[in-house]
Amino acid sequence: MSLCVMFLLITGCDVADGPEEQHSYANGSVVAANTSDNGRFTLVAAGGNLVQVWQKGGNEPIYRWRQGEPSDSILLQAISPDNQNAATATETTVALWSLLDGKNQGFYQLKQPLRALALANNASQLLLGYQDGSVEFIDFVNQRRLLFMGHQQTERFAQDNPESASEVAQDSKHHRINAVDLSANGRYALTASQDGQVLVWQTTDAKVVSQWQHENSITVARLGPKGKLAFSGDAQGQGEIHALPSGKLTARLQVPYRGQTFVSARLNPDSKQLLTGSTSRRLELWQLDTGQLLQGWQVGTHTQLRPASAMVFDVAFINSRQVYSVSSSGLGEIWSLDSVIRENDE
């Protein structure tokens, strides 16, 4: 999850047909929205301290959560890979919730501004990325905390890798964490910063096992569900797929236009596909091993909003025939894959 996104207008790319289904979760734009890996649950924050939890096919939210004071704003959300728990956050607080019964499981006050978060299965572990470039790992089962400072060592990485590292600024804003992800078992963390650095590290001892560098600031970073692949995308539309644990670059997305900013992503190694959401309403399906664009859509916009654009906050693979998106327009939409893509998958 990331706060580092922006609106851009881009044209000139053909898109597929409209959605099979469309559900409105808000009367206007939303501040944050996230979905589970199969699209069953969707969290929506439309401003203030209220989060609505929707279940696929429902006409009303199944839960309404409030966090902190009415003046607080929910900015970040995450759902555990097993679809049983969720985390919601303001800039300075985090709350844990059960998706099984809607009950609160914990509330935590933070000492510095939060930029990104991720949750492991059963809400056993939590990963927090901060404004100052540090990352905090919390293991609730073993009652252990680990503070990771690897992104504040960017200068050393740049000196060791002059061919791939961009110019490094020394003030903390360039080290701030823009995106994080956590393996389902909580053993590995993927973290990415404003200066384009991506690190994969062990949460047992903070040992870095993989690293690579983008020329521009990272806006999204995701681990594959099997832990063998990772995706990172930057503010200028450069998307990369890396093998783990080697960190070897296996493919770059063949983006056919300029001005793309990736906002969300989901990997599906079983079908060898990557689903991404971007600014300017773009939802796109890619081939994992080649980076080829397979299919694209434009998500819906709210009729009362001008200009009529939207960011795709989160995406999911529902099954081998359908994908799902939820956007800043407050719409959740189900899309059908082309028959050729389905046949190749099967």
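Only heavy atoms go into these numbers, but all of them, side chains included; no hydrogens, no water, no symmetry mates.
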Open item on the list: Walk me through whether Gln236 and Asn216 qualify under side chain to side chain donor-acceptor pair (under 3.5 Å).
Closed with: CA-CA 7 Å; Gln236 295 300 316; Asn216 302 286; 5.0 Å; no
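Residue pairs meeting the salt bridge (charged side-chain N to carboxylate O under 4.0 Å, His left out) criterion with at least one partner in residues 236-251, sequence neighbours excluded, are Glu240-Arg252. Evaluation of the side chain to side chain donor-acceptor pair (under 3.5 Å) test over residues 138-147, restricted to residues two or more places apart or in two chains, returns Glu136-Arg145, Asp139-Asn142. The salt bridge (charged side-chain N to carboxylate O under 4.0 Å, His left out) contacts involving residues 28-52 comprise nothing, where partners must be two or more places apart or lie in separate chains.
The backbone N or O of Phe41 lies less than 3.5 Å from no partner atom in the side chain of Asn83, so there is not a single donor-acceptor pair. The backbone N or O of Asp195 lies less than 3.5 Å from no partner atom in the side chain of Ser217, so there is not a single donor-acceptor pair. For Thr219 (side chain) and Gly233 (main-chain N/O), a donor-acceptor pair under 3.5 Å exists by modelled atom type. Formation of a donor-acceptor pair under 3.5 Å by the Ser24 side chain with backbone atoms of Ala26 is found in this model. The backbone N or O of Ile241 sits less than 3.5 Å from a side-chain atom of Thr250, completing a donor-acceptor pair. The backbone N or O of Asp338 lies less than 3.5 Å from a partner atom in the side chain of Gln295, making a donor-acceptor pair. Side-chain atoms of Thr279 never come within 3.5 Å of backbone atoms of Met311 as a donor-acceptor pair (strictly under, hydrogens ignored).
Every salt bridge (Lys or Arg N to Asp or Glu O under 4.0 Å) that Arg266 has, sequence neighbours left out, goes to Asp314. Taking Asp234 as the reference, nothing meets the salt bridge (Lys or Arg N to Asp or Glu O under 4.0 Å) condition, with sequence neighbours excluded. Residues passing the side chain to side chain contact (heavy atoms under 4.5 Å, CB included) test with Thr204, sequence neighbours excluded: Gln202. Residues satisfying the side chain to side chain contact (heavy atoms under 4.5 Å, CB included) criterion with Ala123, sequence neighbours excluded, are Asn85, Gln105, Leu119. Every residue two or more places apart in sequence or in another chain that forms a salt bridge (Lys or Arg N to Asp or Glu O under 4.0 Å) with Lys226 is listed here: Asp270. Taking the side chain to side chain donor-acceptor pair (under 3.5 Å) definition, one finds that Asp82 meets it with Ser80, sequence neighbours left out. With sequence neighbours left out, Ser98 forms a side chain to side chain donor-acceptor pair (under 3.5 Å) with Asp101. In this view, Ser264 satisfies the side chain to side chain donor-acceptor pair (under 3.5 Å) rule with no residue, not counting sequence neighbours. Partners of Glu69 according to the salt bridge (Lys or Arg N to Asp or Glu O under 4.0 Å) rule, which considers only residues two or more places apart in sequence or in another chain, do not exist here.
Just one of Thr35, Leu337, Ile334 meets the side chain to side chain contact (heavy atoms under 4.5 Å, CB included) condition when paired with Ile318; it is Ile334.
Contact annotation: the side chain of Phe317 never approaches that of Asn38 to less than 4.5 Å [non-hydrogen atoms, C-beta and beyond].
A side-chain N or O of Gln194 and one of Asn178 form a donor-acceptor pair less than 3.5 Å apart. A donor and an acceptor atom, one from each side chain of Gln322 and Glu20, are located under 3.5 Å apart. Side-chain contact annotation: Gln22 with Glu333, donor-acceptor N/O pair under 3.5 Å present. Side chains of Thr203 and Gln125: a donor-acceptor N/O pair is absent below 3.5 angstrom, by distance only. Between the side chains of Asp132 and His175, not a single donor N or O lies within less than 3.5 Å of an accepting N or O. A side-chain N or O of His151 and one of Thr191 form a donor-acceptor pair less than 3.5 Å apart. Between the side chains of Gln67 and Trp65, no donor-acceptor pair of N or O atoms lies under 3.5 Å. Side chains of Thr88 and Trp97: a donor on one and an acceptor on the other come within 3.5 Å.
Distance CG/Leu229 to CZ/Arg222: 13.5 Å, rounded to 0.5 Å. To the nearest 0.5 Å, the span separating CD on Gln298 from OG on Ser309 amounts to 8.5 Å.
If you look at Phe148 and Trp201, their ring centroids are closer than 6.0 Å.
Residue-environment remark: OH (Tyr188) stays at or below the threshold of 12 foreign heavy atoms within 6.0 Å.
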